[in-house]
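Please read the structure below before turning to the comments.
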Protein chains: 2
Amino acid sequence: MPGHKQKKNLNLLNEQPLADFKVGVDNVIFSVDTAQNRLLVLLIMRQQEPFVNQWSLPGTLVRQGESLEDAAYRIMSEKIKVNNLYLEQLYTFGGPNRDPREAIDSFGVRYLSVSYFALVRFEEAELIADKVTGIAWYPVKQVPELAFDHNEVLAYGHTRLRNKLEYSPVAFEVLPETFTLNDLYQLYTTVLGDNFADYSNFRARLLKLGFLSDTGIKISRGAGRPASLYKFDAEAFAPLKDKPLVFI
Amino acid sequence: MPGHKQKKNLNLLNEQPLADFKVGVDNVIFSVDTAQNRLLVLLIMRQQEPFVNQWSLPGTLVRQGESLEDAAYRIMSEKIKVNNLYLEQLYTFGGPNRDPREAIDSFGVRYLSVSYFALVRFEEAELIADKVTGIAWYPVKQVPELAFDHNEVLAYGHTRLRNKLEYSPVAFEVLPETFTLNDLYQLYTTVLGDNFADYSNFRARLLKLGFLSDTGIKISRGAGRPASLYKFDAEAFAPLKDKPLVFI
DNA sequence: CCAAAAGTGTTGGGCATACACCCATGA
DNA sequence: TCATGGGTGTATGCCCAACACTTTTGG
């Protein structure tokens with residue numbers, strides 16, 4: 001997590017030459033398995049050095065003529081087939097010595113990573129397994145040690161997700177098109193922990209906001225009364241966007 | 001403002017060579033003139049090509065062995081003397097063709113800019129005018145056309161400021177050590193526009209939160225009853241941090 | 001008919017809004 | 001003594017947490 005240190009004087013560096021950079025883009029791609037109430041992140045098994053055979057966030061180096069966002073979308077399209085996705089820039093990690101290649105092929109080349117934050121729907125997302133490439137959804141709670149500083153990047157993405165969940169309608173980017181109010185509630189509890197309102201109040205608040213429309217369709221899951229399927233109504237939400245708004 | 005476009009396929013680029021980058025850091029440094037109720041941003045008159053004699057955000061290129069944050073602090077220390085400052089990363093602008101030097105010295109070198117967001121106290125900040133360097137606080141509302149994409153960077157910083165003001169105690173990073181409740185109120189109105197609670201309610205809410213301590217000192221500004229000087233009590237605030245909290 | 005899941009209702013306390021009002025000072 | 005800016009008080013209504021309750025299904 002990037003901290004905010006106070007003051008620093010590096011005038012010794014005053015006449016140091018400029019650094020040359022390669023720029024990488026790494027994506028933190030989240031998704032939720034509604035059936036098992038698990039928050040998932042997409043990981044790739046690395047095929048080349050450095051960190052061969054170690055899990056990492058899906059990433060790539062930026063090519064000539066390519067924007068950062070283009071690179072982020074390229075990663076997505078190489079690893080995953082989705083109809084719809086949410087993507088935003090996360091944070092830029094650029095300290096020296098964050099990539100072992102800096103020491104080896106040297107000539108002072110630095111590796112900087114611009115990370116992106118993405119949300120996709122688990123059910124719609126089809127993983128593209130080229131050859132023997134390891135690619136998998138990992139429950140965030142069980143993520144192993146990752147290549148580079150990717151554990152740190154993931155942690156930062158996770159905080160961002162928690163924050164966004166509270167004040168913007170990102171939940172509907174991860175849920176299926178139609179969902180029960182319980183699915184929504186479960187999503188909030190699995191991501192945020194269950195330190196908030198009980199189901200009944202959660203339900204009441206969300207419905208009062210008026211951008212969840214009942215499709216009328218009922219779905220039965222084992223015993224118990226069947227639940228209504230709702231969908232997010234973007235039009236009804238529009239007037240509320242960029243108003244302060246809490247979803248807890 | 002960085003948007004979130006949906007999908008894109010750039011497989012034509014599939015075998016394009018990697019881009020080489022120089023990395024710049026640009027700071028959006030805000031401050032507030034409490035006397036005149038103006039939000040200020042620090043601008044520098046450029047001395048070299050490109051964009052000679054045009055105003056720009058203070059920035060620099062990252063040197064060997066230097067982290068991004070180090071570079072950001074270096075800019076600060078070269079332009080301004082302050083006791084205390086708030087600094088955080090803002091956004092990374094990395095599209096091709098955002099810097100005219102890409103066309104000229106060429107060899108495919110790209111210029112990427114990592115922007116930082118800083119807050120300083122107007123009264124404490126002493127500008128360092130080396131030689132004839134133009135350096136000045138500009139009222140945000142009167143900023144001219146800037147070099148590069150700096151108007152866009154500034155706009156993004158401005159939004160960030162507005163957002164942070166609503167849910168975190170950044171106000172006290174820009175205000176002087178001691179301030180009247182009216183100063184605080186004015187700050188909120190000049191930055192956010194006056195679309196919120198009246199002074200009386202603003203006052204009541206803030207005081208109830210309990211992290212503003214009355215110094216007992218009174219200050220008289222022309223006619224009218226003298227106002228109490230308050231200061232931000234970081235200890236009293238500590239337990240409240242990272243709780244959801246609205247300052248409007 | 002009972003347990004399980006979904007959905008509704010009620011009640012009390014707290015907080016925000018919109019005001020009206022009192023206080024201390026300079027001119 | 002009055003205009004000016006600072007500060008206090010109060011009534012209304014809304015929202016929210018807690019929790020009790022009803023409805024609809026499967027077994």
Side-chain angles (χ1 to χ4, degrees), chain A residues 34-37 165-167 171 175-176 178-190 192-231 240 243-248, chain B residues 34-37 165-167 171 175-176 178-190 192-231 240 243-248:
Chain A
T34 1
Q36 300 191 58
N37 286 322
L165 211 53
E166 290 181 10
Y167 62 81
L175 286 175
T178 67
F179 50 86
T180 70
L181 288 178
N182 224 313
D183 289 339
L184 184 58
Y185 185 64
Q186 295 307 330
L187 168 60
Y188 273 84
T189 52
T190 60
L192 260 28
D194 33 24
N195 332 326
F196 60 91
D198 70 357
Y199 174 63
S200 149
N201 295 321
F202 175 84
R203 183 192 164 78
R205 260 217 313 295
L206 263 292
L207 287 179
K208 190 160 13 136
L209 291 174
F211 53 74
L212 294 183
S213 63
D214 191 335
T215 62
I217 305 167
K218 305 283 180 189
I219 186 180
S220 206
R221 310 230 250 244
R225 178 173 174 173
S228 267
L229 285 175
Y230 284 80
K231 54 188 286 195
L240 300 177
K243 302 287 162 202
L245 183 59
V246 179
F247 287 78
I248 335 180
Chain B
T34 3
Q36 300 191 60
N37 286 323
L165 212 53
E166 290 181 11
Y167 61 83
L175 286 176
T178 66
F179 48 87
T180 71
L181 289 177
N182 226 312
D183 289 338
L184 184 57
Y185 185 64
Q186 294 307 331
L187 169 59
Y188 273 84
T189 51
T190 59
L192 296 176
D194 33 23
N195 333 327
F196 59 90
D198 70 357
Y199 174 63
S200 149
N201 296 322
F202 176 84
R203 183 191 164 78
R205 260 216 315 295
L206 263 292
L207 287 179
K208 191 159 13 137
L209 292 174
F211 53 74
L212 294 182
S213 63
D214 190 335
T215 62
I217 304 168
K218 306 283 179 190
I219 185 179
S220 205
R221 310 230 250 243
R225 177 173 173 175
S228 269
L229 285 175
Y230 285 79
K231 54 187 284 195
L240 301 178
K243 301 287 162 203
L245 185 58
V246 179
F247 288 79
I248 334 181

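Not measured: the values here are computed from a predicted model. Note on naming: letters A, B, ... go to the chains in the order of the sequence lines (proteins, then strands), and numbering restarts at 1 for each one.
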(request) To the nearest Å, give me how far apart CZ (A/R205) and C1' (D/dA18) are. (result) 13 Å

(request) Quickly work out the B/L184 CG to D/dG7 C1' distance and round it to whole Å. (result) 15 Å

(request) Just call it for B/S228: base, sugar-phosphate, or nothing, with non-hydrogen atoms closer than 4.0 Å on any strand. (result) sugar-phosphate

(message) Can you list everything that forms a salt bridge (Lys or Arg N to Asp or Glu O under 4.0 Å) with B/R221? Sequence neighbours excluded, please.
(response) B/D183

(message) Any non-hydrogen side-chain atom of A/I219 less than 4.5 Å from a side-chain atom of A/T178?
(response) no

(message) Rounded to whole Å, please give me the gap between CZ in B/R203 and C1' in D/dG5.
(response) 12 Å

(request) Nearest whole angstrom, please: distance from the P of D/dG6 to the CG of B/L207. (result) 14 Å

(message) Between C1' on D/dG5 and CG on B/D183, what's the gap in Å once rounded to a whole number?
(response) 13 Å

(request) Tell me, please, which residues at least two apart from B/F179 pass ring pair (Phe, Tyr, Trp, His ring centres under 6.0 Å). (result) B/F172

(request) Give every residue pair that meets the salt bridge (Lys or Arg N to Asp or Glu O under 4.0 Å) criterion with at least one member in residues 207-216 of chain A, sequence neighbours excluded. (result) none

(message) From CG of B/N201 over to P of D/dT8, roughly how many Å is that when rounded to an integer?
(response) 13 Å

(message) Starting the side chain at C-beta, find the nucleotide from D/dC16, D/dG6, D/dG9 nearest to B/A227.
(response) D/dG6

(message) Can you list everything that forms a side-chain hydrogen bond (donor to acceptor under 3.5 Å, both in side chains) with B/T34? Sequence neighbours excluded, please.
(response) B/E123

(message) Can you list everything that forms a side-chain contact (heavy atoms from CB on, under 4.5 Å) with B/N182? Sequence neighbours excluded, please.
(response) B/T180, B/Y185, B/Q186, B/Y199

(message) Can you give me the first and the last nucleotide of DNA chain C (5' to 3') that has an atom within less than 4.0 angstrom of a non-hydrogen atom in chain A?
(response) C/dA4 to C/dG9

(request) Measure the distance from NZ on B/K208 to P on D/dG9 and round it to the nearest whole Å. (result) 13 Å

(message) B/S220: which residues meet the side-chain contact (heavy atoms from CB on, under 4.5 Å) condition with it, sequence neighbours left out?
(response) B/P226

(request) Check for a donor-acceptor pair, side chain of A/T215 on one end and backbone N or O of A/L229 on the other, with a separation under 3.5 Å. (result) yes

(request) Compare side-chain N and O positions of B/Y199 against OP1 and OP2 of D/dG6 and report whether any pair is under 4.0 Å apart. (result) no

(request) Check every strand shown and say whether B/D198 touches a base, only sugar-phosphate, or nothing at a heavy-atom separation below 4.0 Å. (result) base

(request) Applying side-chain hydrogen bond (donor to acceptor under 3.5 Å, both in side chains), name anything that partners B/D198, two or more places apart in sequence or on another chain. (result) B/N201

(message) Within residues 218-226 of chain A, which residues have any heavy atom lying less than 4.0 Å from an atom of DNA chain C?
(response) A/A223, A/G224, A/R225, A/P226

